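Reminder, nothing fancy here: chain letters follow the sequence lines and each chain counts from 1. Predicted model only: the values in this text are computed from it and were never measured.
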There are 2 protein chains.
Amino acid sequence: MGEPRRRIPEATVARLPLYYRALLDTAEREIATVSSERLAELAGVNAAKVRKDLSYLGSYGTRGVGYDVEYLLHEISRELGLTRDWPVAIVGVGNLGRALANYRGFGARGFRVVALIDADPDVVGTTVGELVVEPLAELDRIVAEREIVIGILATPATVAQDVTDQLVDAGVTSILNFAPALVTVPEGVSLRKVDLAIELQILSFYQLRRAFSGPGGLAPERRKSVL
Amino acid sequence: MGEPRRRIPEATVARLPLYYRALLDTAEREIATVSSERLAELAGVNAAKVRKDLSYLGSYGTRGVGYDVEYLLHEISRELGLTRDWPVAIVGVGNLGRALANYRGFGARGFRVVALIDADPDVVGTTVGELVVEPLAELDRIVAEREIVIGILATPATVAQDVTDQLVDAGVTSILNFAPALVTVPEGVSLRKVDLAIELQILSFYQLRRAFSGPGGLAPERRKSVL
DNA sequence: CCGACTTTGAGAATCTGGTCACAAGCGACC
DNA sequence: GGTCGCTTGTGACCAGATTCTCAAAGTCGG
């Protein structure tokens with residue numbers, strides 16, 4: 001049953017979680033409606049963008065009033081698939097993997113870490129939180145049994161591609177890659193990357209520019225003014 | 001002495017670290033030159049983009065031959081400021097902060113973590129790696145004495161803005177925010193954001209779309225084909 | 001029920017980035 | 001030294017995203 005949904009631009013999809021969070025905060029304060037202006041402020045974007053983004057989801061606002069917080073929250077979470085339960089596996093239980101496993105904020109909204117997997121026999125069998133680390137060899141069975149579709153890759157760079165291939169073979173169709181390495185996946189599998197070193201290097205670039213051109217130099221990435 | 005550098009597009013800056021890493025790998029294998037084609041493959045982009053990006057830095061290639069690996073490596077690292085030493089402070093020593101502190105790959109290229117800072121008296125005084133966690137109250141002194149310009153924010157969301165303000169007041173001009181919260185900084189300060197929950201939500205969106213429209217559905221983010 | 005006021009939704013214009021295509025430049029080989 | 005093949009660098013074009021603007025649609029007070 002493919003509702004004939006309009007195509008939502010990538011850039012918009014990337015901002016929906018921002019609105020979602022802003023709306024959660026607003027709902028918590030028991031505020032019933034928000035204007036695009038206010039929502040923009042909370043999400044750190046501008047009002048026109050908020051309106052355009054939300055208009056891709058449908059006409060959920062009321063002119064002269066704004067958006068109903070609860071309703072919009074519901075629509076966005078449906079669109080983002082947060083009404084479902086997404087079992088997640090973390091592969092690679094080093095420093096980062098462990099930190100991610102303990103991270104609250106996943107569990108909060110549908111993302112449940114249901115497996116920790118590592119190749120190192122010394123790590124397998126250890127407990128992190130409520131989970132026991134399982135061996136990579138069991139990956140296929142684990143993914144199938146627990147219906148895992150999202151994998152978080154926190155291995156060293158050297159084995160990143162190899163582990164990715166195994167994840168894909170096992171049936172995982174969304175991968176979040178924390179390993180500092182290029183990883184490719186077949187068509188039909190989503191891949192996103194988070195790279196600490198790259199982020200720092202980008203900051204370094206703009207830092208350097210500022211140092212050269214003096215205060216108030218060239219535009220850095222995502223500059224924001226204080227309110 | 002502001003060399004009249006051409007303006008480099010944001011998107012290009014964000015890719016320079018990719019090229020940098022690819023070139024490092026190439027240099028390690030003692031390969032002297034790379035074509036844009038090969039570099040593109042290693043960085044996961046297309047060749048035209050590589051050439052255009054590199055052309056913003058200057059004409060460092062040789063037609064008919066390609067780019068000299070060592071030379072290009074040098075130019076990119078200079079452009080990114082990786083020839084300098086950037087002392088970094090991590091504020092917030094919870095799970096994530098600790099993992100980041102232990103993360104190799106920062107230290108590697110100019111980014112040295114020289115301070116771990118937390119507000120919790122129970123955490124202050126503990127040791128992580130070779131560093132002792134210091135109190136938030138000392139921030140000003142620490143930043144000044146160690147000439148810290150980059151701050152990594154790994155606090156809970158609730159105090160993110162407050163800690164950011166303190167970092168900025170202390171003189172930090174680049175901030176990498178891991179806290180799941182909107183943070184604003186004054187003009188002249190760079191801010192980048194890494195948000196685990198948001199990345200998962202974006203994956204969830206495309207996952208859902210695929211589930212609806214069957215395999216081979218709508219275009220997911222950053223899809224890549226296997227080679 | 002009307003008029004003033006607010007705020008959305010969306011078309012048009014603009015900006016930024018990505019892709020294409022090819023002339024220019026360089027090395028190699030004869 | 002001339003010719004051939006390869007690869008860069010860039011101008012022209014195209015696509016996607018952002019911003020601007022304003023008519024349309026609603027609320028609210030009287």
Quiz item: Can you check side chain to side chain contact (heavy atoms under 4.5 Å, CB included) on B/Asp25 and B/Leu42, steps first, answer last?
Solution: CA-CA 9 Å; B/Asp25 291 351; B/Leu42 293 171; 5.9 Å; no
Quiz item: Between A/Thr164 and A/Asn177, does a side chain to side chain contact (heavy atoms under 4.5 Å, CB included) hold up when you go through it step by step?
Solution: CA-CA 9 Å; A/Thr164 299; A/Asn177 176 26; over 6 Å; no
Quiz item: Under 6.0 Å from the CD atom of B/Glu37, do we count more than 12 heavy atoms belonging to anything else shown?
Solution: no
Quiz item: What parts of residues 19-30 of chain B reach DNA chain D, counting only heavy atoms under 4.0 Å away?
Solution: none
Practice problem: Run through B/Leu18, B/Val45, B/Asp53, B/Leu54 and flag the one making a side-chain contact (heavy atoms from CB on, under 4.5 Å) with B/Leu39. | Solution: B/Leu54
Quiz item: Nearest heavy-atom pair of B/Leu182 and B/Gln161: which atoms, and what distance?
Solution: O-OE1, 4.0 Å
Quiz item: In whole angstrom, what separates A/Arg38's CZ from C/dT8's P?
Solution: 13 Å
Quiz item: What's the CD1-C1' distance between B/Ile8 and C/dG18, to the nearest Å?
Solution: 17 Å
Quiz item: How does DNA chain C read in dot-bracket, base by base from 5' to 3', with Watson-Crick or G-U pairs under 3.5 Å and | used when the partner is on another strand?
Solution: ||||||||||||||||||||||||||||||
Quiz item: Are side-chain heavy atoms of B/Val13 and A/Tyr206 found at a separation under 4.5 Å?
Solution: yes
Quiz item: Taking only N and O in the side chain of B/Ser36, is any of them less than 4.0 Å away from OP1 or OP2 of D/dT8?
Solution: yes
Quiz item: A/Glu10 versus B/Phe205: any side-chain heavy-atom pair under 4.5 Å?
Solution: no
Practice problem: Check whether any side-chain nitrogen or oxygen of A/Arg51 sits under 4.0 Å from OP1 or OP2 of C/dT8, and answer yes or no. | Solution: yes
Exercise. Of all the heavy-atom pairs spanning B/Glu75 and B/Tyr60, show the shortest one and how long it is.
Key: OE1-OH, 3.0 Å
Practice problem: Write down the distance between CG (A/Leu54) and C1' (C/dG9), rounded to a whole number of angstrom. | Solution: 11 Å
What pairs of nitrogen or oxygen atoms, one from the protein and one from nucleotides 28-30 of chain D, lie under 3.5 Å apart?
none

Quiz item: For residues 58-72 of chain A, which residues have at least one heavy atom under 4.0 Å from DNA chain C?
Solution: A/Ser59, A/Tyr60, A/Gly61, A/Thr62, A/Arg63, A/Gly64, A/Val65, A/Gly66, A/Tyr67
Practice problem: Verify the distance criterion only: is there a donor paired with an acceptor across the side chains of A/Arg38 and A/Thr26 at less than 3.5 Å? | Solution: no
Expected list for residues 148-159 of chain B: side-chain donor-acceptor pairs under 3.5 angstrom, two or more places apart:
none

Quiz item: Just wondering, do B/Phe178 and B/Ile90 contact through their side chains at under 4.5 Å, heavy atoms?
Solution: no
Quiz item: Between B/Ser204 and A/Phe111, which heavy-atom pair has the shortest distance, and what is it?
Solution: CB-CZ, 3.7 Å
Quiz item: Which pair of heavy atoms, one from B/Leu16 and one from B/Ile76, lies closest together, and at what distance?
Solution: O-CG2, 4.0 Å
Practice problem: Starting from the C-alpha separation in whole Å, work towards a yes-or-no answer on side chain to side chain contact (heavy atoms under 4.5 Å, CB included) for A/Arg21 and B/Ile198. | Solution: CA-CA 9 Å; A/Arg21 179 176 298 160; B/Ile198 285 179; 4.0 Å; yes
Protein and nucleotides 15-18 of chain D: nitrogen or oxygen contacts under 3.5 angstrom:
| unit_1 | atom_1 | unit_2 | atom_2 | d |
| --- | --- | --- | --- | --- |
| D/dT18 | OP1 | A/Arg15 | NH1 | 3.1 |
| D/dT18 | OP2 | A/Arg15 | NH1 | 3.2 |
| D/dT18 | OP2 | A/Arg15 | NH2 | 2.8 |

Quiz item: If we only count heavy atoms from C-beta on, is the A/Asp68 to A/Glu70 side-chain gap below 4.5 Å?
Solution: yes
